[in-house]
Amino acid sequence: MSGFSAGRFMAVLIKEFIQMRRDRVTFAMIIGVPIMQLILFGYAINSDPKNLPTLVEMADSGPVARAVISGMANSEYFDFIGVVTGIGEGEEALRSGRANFVVVIPPHFERDIIRRQSPSLLLVADASDPTAAAGAVGAMNAIVDVAMREVLIGPLAAAARAPPPFSVIVHRQFNPEGRTSTNIVPGLLAIILSMTMVMITAIAIVREAEKGTMETLIATPVRPIEVMMGKIIPYVLMGYLQTAVFLLAAQQMFAVPFEGSAFAFFVGFNLYLLVNLALGFLISTVARNQMQAMQISFFTLLPTILLSGFMFPFAGMPGWAQTIGTAIPATHFLRLVRKVMLKGAGMADVSGDMMAIAIIMIVIVTAALLRYRQTLD
Amino acid sequence: MSVEAPGDNLPPAPAITVTGLSKRFGDKLVVDGLDMAVPRGSIYGFLGPNGSGKTTTIRMMCGLLTPDAGSGQCLGFDIRTEALKIKEQVGYMTQKFSLYEDLSIRENLDFIARMYQVPGRRERVEAALADLGLSDRKNQLAGTLSGGWKQRMALAACLLHDPKLLLLDEPTAGVDPKARREFWDEIRRLSARGVTVLVSTHYMDEAAQCDFIAYIAYGKKLIDGPAAEIPAMIGLHTWRVDGPDLAKLEVELKDTNGVEQVARFGAVLHVSGTDGPVLEAIAKSHVARGTHHWQEKKAELEEAFIFLMAGAKDNFVAPEARKS
């Protein structure tokens, strides 16, 4: 566009800063949202829950059975809250939610082991929430094996199950303790930025149209590029502030590591910021009022949370969902952040993710510019 | 005036000329083949009922909307291709207050001055604040001002860059009579300095303040010309009637053939029609009854507009047909 004027651009910029300063609620949201989300997601979400309430039905209370029970208790997955008699009572407890597990030690459990009759030990789990049950169920076999070997010693040792012919060693890379917060927190940055930046940009621009000030604005000789830059730059700075607050809090509260290249993070972060601002701009060209702008922003947020790999593993989604997920910028930024922060990645490792974000940005910016009008038509 | 044509006694080119201007929103033809010329330095009144296309026309004239058909120039620039040049020399005051309510009065004026890159900006803004009498309230948020003050501030904002042309879209809607009078005093001062003013309104007393008038309805121009000549152009004859029990007489007259309009002004009726002799005959027959006092008067703008508005309702009677 010809005739770019630094003076007019500065005028828009100054105006935006003044308006931003007057709008305390939005400003508080920009700072408050990352901290609040961090606390909620970081502290509240645990995909490997411990201390699940468990009932036991003991038809055999011999030393072997007791060893199994204490082994389960020591694993911290199970928290024994009582004893039931008969499976009916156990199922009732599962249904009412009083317990997540019922362990049934069958009659003559110990005798049958010694006789090598392979008795069955029943673990009834409330699998209506698979995530809650998975960790405990997965740990069960190992717990029983260890308990057996501890209690069946001497002449009885042969009754314990023989060790398997080979052993599998699992090495948990990048997050050895398997902490959920280490996974969630970096991903949360992608979600927070897309939540606040898209909505704030969309609303700030639609507000001009809704309040009628857009008419004053375009009745002046201002050029679209001056408006666009003057409006977007303050929000870029907002994004910087928000990310700084977030990274500081993540490090202080959750000791989330930052292993990789700060430069790669910075480049990727700026790309992602711009993509979100452009999306906000695009939404503002579609929405008729601030309410609509907010609704459309929320509408884009839902797939971002669900299909980006933030909440659920990307690899576990069906093909069509992965296709949609690939078109979402957060998917790529999420990978980039996790790679850089947790896996120590550098520029070369994340160039593919950056490329993907850049392509999405080109599409969105093109659409936004095609829809933006200098007139009121 | 500074922009007069170099040729000696040639009349200056009109500030605005448009021909065949049309604009459609969806299925609705909002402006339909409008021709108009606004002479330089005049106060030009743009009248018509709500929704008649006044705002759309003004927006097309200053390049905020692109016409679907027709062409025109504004201050010598093409309204289709040179909108930016037009914007630099035009002050446009929107119908609804459209400055920033969350900026202070001074911040608003400063923003607008920066937009037009006004030389000596600070001094200009301070002077505007002093003129407004708002110097001591300059840090008050614009949103907290009353309607009258908002209107004065909006006018001050669109004068900051010394425009050659002012486009005012219903500037006095919702403003009290005193503020309206002061506003019009200011408009006349500006006009005297050579600024061309195009003002849309539906107040008839404001129409009377204009040098020229155009009346539009349903996007079509019904009539235009010098304000003083409008009633004569319509060819309206009017009789003033006073006496007892006017309400009953009003009903009777409205059903009389040849009487096209009966308007009540306080304690008198203004009875109008386009056919002078027929109206005179009606008057004479009533005078013969001796109950009321009838007197022929010159048709004024007031009657003319009531007549135009009534005509606008039952679709169009072509303006030519009216000028019998």
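Throughout, a chain's letter reflects where its sequence line sits, starting with A, and its residues are numbered from 1.
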Heavy-atom side-chain proximity of [X] to [Y] below 4.5 angstrom:
| X | Y | answer |
| --- | --- | --- |
| K87(B) | V222(A) | no |
| T216(A) | M115(B) | no |
| R8(A) | Q117(B) | yes |
| T220(A) | H161(B) | no |
| T213(A) | L99(B) | no |

For the interface with chain A, which of T94(B), D110(B), V90(B) has the highest count of heavy-atom pairs at distances below 4.5 Å?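 Option with the top pair count is T94(B).
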
Return yes when atom [atom1] of [X] has more than 12 non-hydrogen atoms of other residues, nucleotides or ligands closer than 6.0 Å, and no otherwise.
| X | atom1 | answer |
| --- | --- | --- |
| K211(A) | NZ | no |
| F298(A) | CZ | no |
| F27(A) | CZ | no |
| F263(A) | CZ | no |

Rounded to the nearest 0.5 Å, what separates atom [atom1] in [X] from atom [atom2] in [Y]?
| X | Y | atom1 | atom2 | value |
| --- | --- | --- | --- | --- |
| Y100(B) | L217(A) | OH | CG | 4.0 Å |
| D102(B) | R207(A) | CG | CZ | 6.0 Å |
| L103(B) | K15(A) | CG | NZ | 7.0 Å |
| L65(B) | I218(A) | CG | CD1 | 8.0 Å |

Given a strict heavy-atom distance threshold of 4.5 Å, which part of L141(B) is in contact with chain A: side chain, backbone, both, or neither?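 Looking at L141(B), just its side chain touches chain A.
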
So what's closer than 4.5 Å to chain A heavy atoms on I86(B): side chain, backbone, both or neither?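 Neither part; nothing is under 4.5 Å.
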
Taking all non-hydrogen atoms of both residues into account, name the closest pair between Y92(B) and A219(A) and its distance.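 That closest heavy-atom pairing would be CD2-CB, 3.7 Å.
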
Heavy-atom pair of closest approach, residues S98(B) and G212(A):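 Heavy atoms of S98(B) and G212(A) come nearest at CB-O, 3.1 Å.
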
One thing to verify: whether E107(B) and R22(A) come together as a salt bridge, which I'm taking to mean a side-chain N less than 4.0 angstrom from a carboxylate O.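 Here R22(A) pairs with E107(B) in a salt bridge, since their nearest N and O are under 4.0 Å apart.
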
Does a salt bridge link E215(A) with R59(B), judged by any charged N lying under 4.0 Å from a carboxylate O?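 A salt bridge links E215(A) with R59(B).
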
Could you check R223(A) against L84(B) for side-chain contact (heavy atoms from CB on, under 4.5 Å), going step by step and ending with a plain yes or no? CA-CA 9 Å; R223(A) 312 297 197 271; L84(B) 280 174; 3.4 Å; yes

